[in-house]
Amino acid sequence: MNDAERVKTGKHLPELDGIRGAAVLMVVLLHTLFGIMAPESQFQIPKPLFGLIFRGAGGVDLFFVLSGFLIGGILVDHRGADNYFKVFWIRRAARILPVYLLLMVTYVFASHIGQTVEAPWFHAFLMVDQLPIWSYLTFTQNYFMAFENTGGARWVGITWSLAVEEQFYLIFPFVVFFLPKKSVMKIALAFLILAPILRSYLWAHYSFYVGYFPTPARADGLMFGVVAAYLIRSPKLRWFADRRVLLDIIAGVAIVTLMWGVQWVGESGAYSLRSALFAYAIVRIFITDGVYRKILRSRFMVFMGLISYSFYMYHQAVNGLLHGYFLNQVPRVENWAGVAVGTSVLLVSAGLATLSTRYFEKPFRDLGKRFKYRRPAAREASAVAYAQ
């Protein structure tokens, strides 16, 4: 069984955990160290490298591409199931909601406690620009953030990306179920073109947040993942495998562009280019072996991938609390003390995520896995034909 078949049959592919691990490391390192360094700090990393890895929270784009790939693939593979919608949404709920709701409970509790706390750092970071709690409970906070031109309270601000993905989970199952493959691909390709145009327009006429948070303006990342999911299930994958060296060279040119030539493609175009690069990074798993795949399936990267969801969700609350408690300030790295606290944030957040993944999330995930897709025999052949 090749790797594409393993994915299609629901088998575990550790390299995809490694991709997820890379995504979460890009986000948490940005928020806890490299993205909060004071301009005068001696710990700056080269701007080209920062632009490649961290520009616009690039780890979030990788999460979007990976979600489009995994969810798009799941929907294609089980399109013919007679309990398609039910099982998909139950499994998504079991995967997403426990940690999400736990974070919301801690946020509400901290918000009430914070009203009696005289700590400027607490209100200036963790509770700044609070949005209605129901916007988080309805997964619409990304639009509120855009309209209010704010990233929201940092305790829960990172959940905007969950809102984008939840909206994708709500709508895209209908797209795959009711439309033929060619129509789905046309929609995906349309968003690859329209999303960066929309993002550029909103940035030019409104503000950064207005073009950063709304789902239509970020849909290109998800759709790059969907296209990759269709590709690995297609005979066309062989064409890509035969031209891997050429594709690696093109990817290298893209990397150079993101490091030194963003002005050639524009800021919005850079987001799309990076998402395309991430999509190729996923597809490359299925057309080659070697050092690249060995790195992705290393114990460290796989472990990071396995704890990535709760690591992502918890780290900003820990970030604000530790910087406030030890340095009496919002997260900011100015000296070795800031580096030490930032490193502590990484370790504490990873520890909490490890405990959460093993003892809190796993029972819910196991419950979700008890719901199996049922494919009527008559639909088996049509589902296989659809995927090809």
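Quick note: residue numbers are just sequence positions, from 1.
- Under 3.5 Å, the side chains of Thr140 and Ser135 contain no donor-acceptor pair of N or O atoms.
- The shortest non-hydrogen separation linking Ile285 to Arg293 is O-NH1, 2.9 Å.
- In this structure, Val65 and Ile19 have side chains that are not in contact, with every pair of non-hydrogen atoms separated by 4.5 Å or more.
- With 3.5 Å as the limit, one finds a donor-acceptor pair spanning the side chains of Ser356 and Tyr314.
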With ring-ring contact (aromatic ring centres under 6.0 Å, His included) as the test, would you mind laying out the steps for Phe224 and Phe64 before giving the verdict?
CA-CA 9 Å; Phe224 270 116; Phe64 286 158; over 10 Å; no
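- Side chains of Gln141 and Met145 form a contact here, defined as non-hydrogen atoms less than 4.5 Å apart.
- The closest side-chain heavy-atom distance from Glu334 to Leu327 is not below 4.5 Å.
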Given Leu16 and Phe69, is the side-chain contact (heavy atoms from CB on, under 4.5 Å) satisfied, shown in steps?
CA-CA 10 Å; Leu16 294 177; Phe69 174 79; 4.0 Å; yes
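- Side-chain atoms of Phe168 and Met223, non-hydrogen and from C-beta on, do get closer than 4.5 Å to each other.
- Using a 4.0 Å cut-off between charged nitrogen and carboxylate oxygen, Asp366 and Lys362 count as a salt-bridge pair.
- Here Met26 contributes atom CE and Asp61 contributes atom CG; the two are 8.0 Å apart, rounded to the nearest 0.5 Å.
- Using modelled atom types and a 3.5 Å distance limit, the side chains of Arg199 and Ser272 yield a donor-acceptor pair.
- Between Asp248 and Arg284 a salt bridge is recorded (basic side-chain N to carboxylate O distance below 4.0 Å).
- Contact between Tyr280 and Leu247 at its shortest, heavy atoms only, is OH-CB, 3.4 Å.
- Below 30°, between 30° and 60°, or above 60°: for Phe360 and Phe364 the angle between ring planes is above 60°, a perpendicular geometry.
- Relative ring orientation between Tyr212 and Trp160 is described as tilted, the plane-to-plane angle lying within the 30° to 60° band.
- The shortest heavy-atom contact between Asn142 and Ala163 is OD1-CB, 3.6 Å.
- Side-chain heavy atoms closer than 4.5 Å link hydrophobic residues (I, L, V, M, F, W, Y) into clusters, and following such links, possibly through other members, connects Val348 to Val28.
- Here Leu222 contributes atom CG and Phe63 contributes atom CZ; the two are 13.0 Å apart, rounded to the nearest 0.5 Å.
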Could you walk me through whether Phe139 and Trp134 satisfy the ring-ring contact (aromatic ring centres under 6.0 Å, His included) test, starting with their C-alpha distance in whole Å, then the side-chain angles of each, then the deciding distance to 0.1 Å, before giving a yes or no?
CA-CA 8 Å; Phe139 291 99; Trp134 61 264; over 10 Å; no
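- Considering all non-hydrogen atoms of both residues, Ala229 and Ile232 come closest at O-CG1, 3.5 Å.
- The aromatic rings of His315 and Phe311 lie perpendicular to each other, with more than 60° between the two planes, well past the 30° mark.
- For the pair Asn83/Lys372, no side-chain contact is recorded, criterion being any heavy-atom separation below 4.5 Å from C-beta on.
- Surrounding CD of Gln263 are more than 12 heavy atoms belonging to other residues, nucleotides or ligands, all under 6.0 Å away.
- When the side chains of ILVMFWY residues are joined at heavy-atom separations under 4.5 Å, either directly or via intervening members, Leu346 and Tyr325 end up in a single hydrophobic cluster.
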Evaluate side-chain contact (heavy atoms from CB on, under 4.5 Å) for Val156 paired with Leu131, printing each intermediate quantity in order.
CA-CA 10 Å; Val156 290; Leu131 300 173; over 6 Å; no
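- With rounding to the nearest 0.5 angstrom, the CG atom of Leu25 is 12.0 Å from the CG atom of Leu30.
- Side-chain contact, Tyr143 with Glu148: no donor N or O sits under 3.5 Å from an acceptor N or O.
- With hydrogens and angles ignored, the 3.5 Å screen pairs no side-chain donor or acceptor of Asn328 with any backbone N or O of Trp121.
- By the neighbour-count criterion of 12 heavy atoms within 6.0 Å, atom CZ of Arg244 is densely surrounded, having more than that number from other residues, nucleotides or ligands.
- Atom CZ of Phe109 has 12 or fewer neighbouring heavy atoms from other residues, nucleotides or ligands inside a 6.0 Å radius.
- In terms of heavy-atom proximity, Ser268 sits nearest to Pro196 at OG-O, 2.8 Å.
- A ring-centre distance under 6.0 Å is found for Phe174 and Phe85.
- Side-chain contact between Phe191 and Val226 is absent, with no heavy-atom pair separated by less than 4.5 Å.
- Ile158 CD1 to Met313 CE: the interatomic distance, rounded to the nearest 0.5 Å, is 5.0 Å.
- For Asn319 (side chain) and His31 (main-chain N/O), a donor-acceptor pair under 3.5 Å exists by modelled atom type.
- Remark: Tyr373 pairs with no residue by the side-chain hydrogen bond (donor to acceptor under 3.5 Å, both in side chains) rule, at least two apart or across chains.
- With a 4.5 Å cut-off on side-chain heavy atoms, Tyr292 and Glu15 do not count as touching.
- A distance of 6.0 Å or more separates the ring centres of Tyr84 and Trp89.
- Judged purely by atom type and a 3.5 angstrom limit, Ser183 has no side-chain atom pairing as donor or acceptor with the backbone of Leu179.
- The backbone N or O of Tyr201 sits less than 3.5 Å from a side-chain atom of His205, completing a donor-acceptor pair.
- Criterion: ILVMFWY side-chain heavy atoms under 4.5 Å apart, direct or through other members. Under it, Leu192 and Ile197 are not part of a common hydrophobic cluster.
- No path of Ile, Leu, Val, Met, Phe, Trp and Tyr side chains, each step under 4.5 Å between heavy atoms, connects Tyr209 with Val128, placing them in separate hydrophobic clusters.
- In this structure, Arg233 fails the cation-pi test against Tyr230, since its NZ or CZ atom is not both closer than 6.0 Å to the six-membered ring centre and inside 45 degrees of the ring normal.
- Judged by distance alone, with hydrogens and angles left aside, the side-chain atoms of Arg79 form a donor-acceptor pair with the main-chain N or O of Val176 at under 3.5 Å.
- A side-chain donor from one of Trp155 and Thr106 sits under 3.5 Å from a side-chain acceptor of the other.
- Within 6.0 Å of the OH atom in Tyr100, the count of heavy atoms belonging to other residues, nucleotides or ligands exceeds 12.
- Side-chain atoms of Asp220 and Ser275 form no donor-acceptor pair, as typed in the model, at a separation below 3.5 Å.
- To the nearest 0.5 Å, the span separating CD1 on Ile36 from CZ on Arg332 amounts to 9.5 Å.
- Considering only heavy atoms from C-beta on, Ile113 comes within 4.5 Å of Val117 through its side chain.
- A donor-acceptor pair is defined here as one N or O able to donate and one able to accept, closer than 3.5 Å; such a pair exists between the side chain of His123 and the backbone of Gly114.
- Considering every non-hydrogen atom in both Val210 and Ala146, the closest pair reads CG2-O, 3.3 Å.
- Rounding to the nearest 0.5 Å places CZ of Phe240 at 15.0 Å from OG1 of Thr288.
- Every residue two or more places apart in sequence or in another chain that forms a side-chain contact (heavy atoms from CB on, under 4.5 Å) with Leu198 is listed here: Leu202, Pro216, Ala217.
- Residues Tyr169 and Glu165 bring a donor and an acceptor atom of their side chains to less than 3.5 Å of each other.
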Check against side-chain contact (heavy atoms from CB on, under 4.5 Å), Phe172 and Ile71
CA-CA 9 Å; Phe172 204 67; Ile71 299 306; 5.6 Å; no
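- Ion pairing between Arg299 and Asp17 fails under the 4.0 Å rule for side-chain N and carboxylate O.
- The cluster map of Ile, Leu, Val, Met, Phe, Trp and Tyr, joined by side-chain heavy atoms under 4.5 Å apart, puts Phe303 and Tyr359 in different clusters.
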